[in-house]
2 protein chains.
Amino acid sequence: MKIFEKTGKMALGSRLRLLTATVTENAAQIYELYQVEFSPKWFPVFFVLSEEGEKTITEIANEIGHSQPSVTKIIQEMTVSGLVQENLKSKDKRRTLVGLTQKGTVLSEKIKVQCTDVDAAIEGIITEATHNLWEAIEEWEFLFEQKSLFRRVQEQKKLRESKNVQIVEYTPQYQSAFKSLNEEWISTYFEMEEADYKALDNPKEYILDKGGKIFVALYNNEPVGVCALIKMNDANYDFEMAKMAVSPNAQGKNIGGLLGQAVVDAAKQLGASKLYLESNTILKPAINLYHKLGFQKVAGLATPYKRCNIQMELNLNNQL
Amino acid sequence: MKIFEKTGKMALGSRLRLLTATVTENAAQIYELYQVEFSPKWFPVFFVLSEEGEKTITEIANEIGHSQPSVTKIIQEMTVSGLVQENLKSKDKRRTLVGLTQKGTVLSEKIKVQCTDVDAAIEGIITEATHNLWEAIEEWEFLFEQKSLFRRVQEQKKLRESKNVQIVEYTPQYQSAFKSLNEEWISTYFEMEEADYKALDNPKEYILDKGGKIFVALYNNEPVGVCALIKMNDANYDFEMAKMAVSPNAQGKNIGGLLGQAVVDAAKQLGASKLYLESNTILKPAINLYHKLGFQKVAGLATPYKRCNIQMELNLNNQL
DNA sequence: ATTAATTACATAACTAGTTATGCAAATATA
DNA sequence: TATATTTGCATAACTAGTTATGTAATTAAT
């Protein structure tokens, strides 16, 4: 199919489907060639029964990776053609043990011969070809199991989108965004407190003039995230990371990560040796992000915020 | 799937189907991720229209390798969601030119972005993997086109079965087989002649005693084919290859080829330099076989057989 | 100029799977 | 011990394709 050269990998599914169709079509012809009255779709079920004897329907389904109703149907068809039979000797009356009949056992010998021919034919193709489809399928099955195609694409999306995100320093034009982005999440999960209003209404006075910094994340030049580095009056900590907020519309672009990194970098540049932050454990993605940045849990510091139930610190000297 | 290690290549179709299912499932999730109201199965059709503008349904079907009714259905669905529209400006009123709507064109831009992410994700897998599934599919598509899986298996079957065939020299126990096998095909296509009865009823007198040979092909120790090497009284030819017959039940096992080769080998061993044969052009497989053995058409020799309309010779000196 | 064959599409019926759901049997829980 | 939950299977309804077939429009043949 010439078209797949143009579509790119997006059409992997379609391409696989077409290949599957030709293989299945050929399989049907092959059974005919051996004068075996056998539907190709029976093969996995038949194989399991001939190799491992009696099994229940659910066991077979799990083993061959089909759904249970699919196996039920196949067993019904095979029963009609006299290849399998139900063996009701199980104590558990829900389960139906099925096994090959005499006729089925005889057929399995015939099919074994057919298998060797098919194997030889495909081995021939493998020798002829530079790429081993069989091995490739096995490997890709494994890779998809480890990390699904969906997650891989999701990561690519994040990566690409994070490249469109710009982190800039605060200027007064972002004052309303700084407040509204924070107000949004705070009032969703908790309620605005005195200390919030102080900082959000007067960022210059309460943050910048005291030697702190504020970073703004721009996506398509719109402010979609903010985060502040606030000077502390504490013997242990130089700065606090606070007021991080990312618009729900812009989630999944690693904006929090970029903002956090910007704050940490700024703290280092200002010569800080320890960073501090306060949060709440119900904000799992945030806690997760702080961990990624290297923050570790600490306890027992005084805080003006009701919503704070976890405190964390980042030792910048360790990090180099 | 562990089972595929046991089934061998016979389950290639099943295995492909499972992989296709997981990829398609992931594809559906990916469209959701990009908040695109789009069914994965639309992709090939949509792609063709966005790349190449207006097309008829049949054109699209051919290009993407689907059946025409499949494309009809997809176009109907896409029309409902407002992505494509029929453009009735064609003179030929049977044809329906379809093209993207404004909405479709806008969407195609979104999907292009998605394509780059999917491409990047799959390129990532390709780098990670030792076997390149994408290339493997392309290569196997090509190899199957050149020679179908069915034909490859058929050849393997022939090869295996020809190993079960034994070529032995004639002994009197095979006299009835020698006659009946020949009588079968001669009376099917022509009618038995005087010369036939002479040779078939008295093989010892008319063939063996004059310095000729007869070979019998045994399949599971049953005689299923015969062929004779008959001494000639001719200045040009030492021997004639004649009375080749293979049972219809044993066709497709290359028995004719093995018998022919045995006769040629025997002729060489007897010091013959030229072999002769007579046949009829309606027996195409036979003529084909003679060609494979190296026989070439000659003309103008006298023959006692009515059914002879082609004569061939094999120069054994040329052959080494 | 008719008639026959072909083409383009739609529709119906089938295939090989899937999910959703119902029911009886078995197991766990109060 | 009675009740709730889980399990194993069957059945129904759906999905994404297929082949077979019908109909109108066009083209080819007589």
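No experiment lies behind these values; they were computed from the predicted model shown. Below, read A as the first sequence line, B as the second, and so on, with proteins coming before strands; counting in each chain starts at 1.
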Do the numbers put A/K110 on top of the ring of A/Y34, so that NZ or CZ is under 6.0 Å from the six-membered ring centre and no more than 45° off the axis? no
So which nucleotide from D/dG17, D/dA13, C/dT11 ends up closest to the side chain of B/P69? C/dT11
Whole-Å gap separating [atom2] ([N]) and [atom1] ([X]):
X     : N      : atom1 : atom2 : result
A/L18 : D/dG17 : CG    : P     : 9 Å
A/D92 : D/dT6  : CG    : P     : 17 Å
A/Q68 : D/dA10 : CD    : P     : 7 Å

Check the phosphate of [N] against [X], side-chain N and O only, distance under 4.0 Å to OP1 or OP2. Yes or no?
X     : N      : answer
B/S67 : D/dG17 : no
A/S70 : C/dT18 : yes
B/T72 : C/dC9  : no
B/R17 : C/dG17 : yes

Could you check B/T58 against A/K93 and say which one's nearest nucleotide on DNA chain C is further toward the 5' end?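 Here B/T58 is the residue nearer the 5' end.
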On DNA chain C, does the nearest nucleotide to A/G65 precede the nearest nucleotide to A/R94 from the 5' side, or the other way round? Give the residue. A/G65
Under 4.0 Å, counting only non-hydrogen atoms across every strand here, what does B/T24 touch: a base, just sugar-phosphate, or nothing?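 Counting heavy atoms under 4.0 Å across all strands, no contact is made by B/T24.
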If I compare all heavy atoms of A/N309 with all of A/N280, which pair ends up nearest, and what's the gap? OD1-CA, 3.0 Å
Ignoring hydrogens and angles, does a donor from either the side chain of A/K73 or the base of C/dT15 sit under 3.5 Å from an acceptor on the other? no
Judged by modelled atom types alone, do A/Q68 and A/T72 share a side-chain donor-acceptor pair under 3.5 Å? yes
Under a 4.5 Å cut-off applied to non-hydrogen side-chain atoms, are A/S81 and A/W42 in contact?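 A/S81 vs A/W42: side chains touch.
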